[in-house]
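Source: prediction; values computed, not measured. Convention: sequence-line order gives letters A, B, ...; per-chain numbering from 1.
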Amino acid sequence: MLDVKFVRDNMELVRRMLTNRQSDLDLEPLLKLDETRRSLLVDVEEKKHRRNVASEEISRLKKEKQDAAGLVEEMKDLGREIKSIDLRLSEVEHEFREFLLNIPNVPHDSVPVGRDEKDNREIRTWGEKPVFDFEPAPHWEIGEGLGILDFERGAKIAGARFTLYWGAASALERALICFMLDVHTKRHGYTEVMPPFMVNSSSMTGTGQLPKFKDDLFKLEGWDYWLVPTAEVPVTNIHSGEILDESMLPRCYTAYTPCFRSEAGSHGKDTRGLIRQHQFNKVELVKLARPEDSYDELEKLLDNAETILRELGIHYRVVLLCTGDMGFSSAKTYDIEVWLPGQNTYREISSCSNFEDFQARRANIRFRQKGRSRTQLVHTLNGSGLAVGRTLVAILENFQQEDGTVVIPEVLRPYMGNMKVIQRGVMS
RNA sequence: GGAGAGAUGGCCGAGUCGGCUGAAGGCGCUCGCCUGCUAAGCGAGUGUAGGGUGUAAAGCUCUACCGAGGGUUCGAAUCCCUCUCUCUCCGCCA
């Protein structure tokens with residue numbers, strides 16, 4: 001959520017921002033609502049003041065045993081007026097807030113202006129595409145061939161976009177989670193948390209999933225509970241409504257959670273394999289930082305996420321998203337795209353963003369600086385570190401051998417009872 | 001699921017028959033004084049948000065907030081209703 005005062009004072013900038021984001025949102029209604037809201041506020045507050053003064057007067061008169069009936073009558077009328085203005089005010093305020101909640105964040109100056117993913121800017125690459133002396137297979141063929149990924153039964157148990165892992169695949173998934181958490185906690189200094197996997201509407205609004213992206217979420221019938229689409233939601237909201245001490249910043253949290261997404265609007269896209277599932281595992285990195293540090297923290301967070309792929313020895317590239325391709329809440333986003341030889345393409349495996357104070361204003365996360373009386377909003381950041389399912393995909397495709405087996409990266413072997421190669425399993 | 005107790009400022013904790021209580025008292029914290037050092041002592045200050053005024057900061061001023069929402073009343077932390085959360089006991093359960 002943007003600050004109204006900022007919108008009011010920077011109309012041209014905000015309009016340009018909306019154009020750059022390919023949005024045709026008209027800001028006029030917002031200004032109108034803001035004006036109405038403030039004039040009602042001035043009116044009702046003045047009336048409340050009068051009432052407060054009169055109430056004291058009544059109390060005084062009564063103490064002195066004098067007649068206050070006239071004043072009481074007058075105040076009855078005033079009370080009715082106040083009530084009706086308050087009612088209108090709350091309607092206007094609600095509408096006003098809804099509008100504000102639907103305006104996307106302003107991209108940082110360093111973000112390239114562009115239409116779609118074709119205008120994203122490649123920042124760097126790491127490693128090289130592996131060379132095969134055979135035709136590399138896509139992961140679904142490898143997984144089914146080894147008997148460790150069972151798409152048919154996943155669909156039978158739940159439906160499309162659900163997969164059953166067997167044996168080495170589930171062990172590998174578990175190993176990846178442990179490995180990632182260990183790297184981030186022991187080497188990068190993050191604190192591990194395990195949050196609720198369902199959250200309420202207020203948390204979803206805090207990080208920006210609601211109200212605009214309701215259709216992408218799974219909601220529990222009869223409850224104000226939503227399945228988390230990413231750990232970003234519960235973890236960023238850990239400090240919602242709190243005022244932190246400056247000495248506590250930056251806060252660096254890492255969390256493993258499953259993620260649930262409806263994938264509405266992507267019918268027919270990535271239907272094969274593990275790329276686009278309704279449920280997948282992810283290790284997330286979340287930071288709360290001082291505004292002046294947040295862009296340095298973003299670079300560090302990005303590097304922390306890249307470390308995982310470097311340790312695994314898998315080729316990737318880092319891409320800076322352009323204005324037209326960025327997420328709604330983000331001010332700047334880097335995607336890490338991993339190389340998938342079986343599909344001859346790069347796929348997003350992590351998205352690292354600085355939201356500046358956009359989420360903090362919604363979730364009301366502030367901090368107090370020594371020597372300053374005003375509280376300030378923190379900056380929030382997050383990134384995948386990494387998407388576990390897609391990492392498993394990358395391992396299968398990058399380390400596959402001609403006989404259909406897959407070599408396990410060195411760093412994961414201690415987590416898998418020193419298994420070196422995934423052989424054909426016992427799916428039955 | 002059944003029975004009961006509670007929710008007040010950073011923390012503890014008072015709020016009488018509704019009125020000058022944004023909230024006593026204590027602790028903590030900040031600044032100053034005092035003191036070989038430390039401890040103790042003394043003095044002052046110490047919530048958040050929004051609006052108006054101000055070029056801005058400061059300041060001044062108003063409004064709201066005692067779990068949340070609604071009601072009664074000229075006026076509610078205080079009375080009434082609904083909800084949420086916490087705690088205790090019983091039952092059930094991984």
Would you indicate what [X] reaches in the nucleic acid, counting non-hydrogen atoms under 4.0 angstrom: base, sugar-phosphate, or nothing?
X        : result
A:Arg50  : nothing
A:Ile58  : base
A:Arg366 : sugar-phosphate
A:Lys47  : nothing

Indicate whether OP1 or OP2 belonging to [N] is found under 4.0 Å from a side-chain N or O atom of [X].
X       : N     : value
A:Arg37 : B:G51 : yes
A:Arg60 : B:G19 : no
A:Asn52 : B:G19 : no
A:Lys5  : B:A56 : no

### Query
How far does CG of A:Asn200 sit from CE of A:Met204, to the nearest 0.5 angstrom?
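Rounded to the nearest 0.5 Å, the CG-CE separation comes out at 9.0 Å.
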Can the ring centroids of [X] and [Y] be said to lie less than 6.0 angstrom from one another?
X        : Y        : value
A:His278 : A:Phe218 : yes
A:Phe280 : A:Phe162 : no
A:Tyr190 : A:Tyr253 : no
A:Tyr295 : A:His108 : yes

### Query
For RNA chain B, whose closest nucleotide is more 5', that of A:Leu71 or that of A:Asp34?
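Mapping each residue to its closest nucleotide by heavy atoms, the 5'-most match is A:Asp34.
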### Message
Reading RNA chain B from 5' onward, which residue's closest nucleotide shows up sooner: A:Lys83 or A:Asn364?
### Response
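On the 5' side of the pair lies A:Asn364.
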### Message
Which heavy atom of A:Arg161 sits nearest to which heavy atom of A:Thr271, and what is that distance?
### Response
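Shortest heavy-atom separation between A:Arg161 and A:Thr271 comes out as NH1-CA, 4.2 Å.
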Select one nucleotide: of [options], the one nearest the side-chain heavy atoms of [X].
X        : options             : value
A:Arg368 : B:G47, B:G51, B:G19 : B:G47
A:His49  : B:G52, B:C74, B:U63 : B:U63
A:Thr375 : B:G75, B:U63, B:A49 : B:A49
A:Lys48  : B:G51, B:A64, B:C74 : B:A64
A:Ile243 : B:U48, B:G75, B:G51 : B:U48

When rounded to the nearest Å, what value does the distance between [atom1] atoms of [N] and [M] take?
N     : M     : atom1 : answer
B:C42 : B:C27 : P     : 10 Å
B:G9  : B:A77 : P     : 14 Å
B:G28 : B:C11 : P     : 16 Å
B:C81 : B:G25 : C1'   : 34 Å
B:U8  : B:C87 : P     : 14 Å
B:A64 : B:G70 : P     : 14 Å
B:C17 : B:C90 : C1'   : 40 Å
B:C85 : B:G67 : C1'   : 7 Å

#### Entry: Verdict with supporting geometry, A:Leu78 and A:Glu74, side chain to side chain contact (heavy atoms under 4.5 Å, CB included)
CA-CA 6 Å; A:Leu78 189 63; A:Glu74 215 179 294; over 6 Å; no
In whole angstrom, give the distance that lies between atom [atom1] of [X] and atom [atom2] of [N].
X        : N     : atom1 : atom2 : result
A:Glu73  : B:G75 : CD    : P     : 12 Å
A:Leu377 : B:A49 : CG    : C1'   : 12 Å
A:Glu81  : B:U63 : CD    : P     : 17 Å
A:Met1   : B:G50 : CE    : P     : 10 Å
A:Asp43  : B:C62 : CG    : P     : 18 Å
A:Leu41  : B:U63 : CG    : P     : 12 Å
A:Arg38  : B:G52 : CZ    : P     : 5 Å
A:Asp86  : B:C65 : CG    : P     : 10 Å

### Query
Starting at the 5' end of RNA chain B, what dot-bracket string do you get if Watson-Crick and G-U pairs under 3.5 Å are bracketed, crossing pairs use [ ], other-strand pairs use | and unpaired bases use dots?
((((((((.[[[..)...(.....]]]((((((.......))))))(((((((.....))))))).[[[[[..)....]]]]])))))))....
### Query
Which one of A:Thr405, A:Ile408, A:Ile142, A:Ile395 satisfies the side chain to side chain contact (heavy atoms under 4.5 Å, CB included) criterion with A:Ile422?
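Only one of A:Thr405, A:Ile408, A:Ile142, A:Ile395 forms a side chain to side chain contact (heavy atoms under 4.5 Å, CB included) with A:Ile422, namely A:Ile408.
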### Query
Looking only at atom types and distance, does a side-chain atom of A:Asp293 sit under 3.5 Å from a main-chain N or O of A:Ala289, one as donor and one as acceptor?
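Not at all, since once roles are kept as given, no pair shorter than 3.5 Å links the two residues.
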#### Entry: Given A:Arg368, A:Arg251, A:Arg290, the one that forms salt bridge (Lys or Arg N to Asp or Glu O under 4.0 Å) with A:Glu246
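Of all the options given, the one that passes is A:Arg290.
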### Message
Using only modelled atom types and a 3.5 angstrom limit, is any donor from either the side chain of A:Glu46 or the base of B:G52 paired with an acceptor on the other?
### Response
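No.
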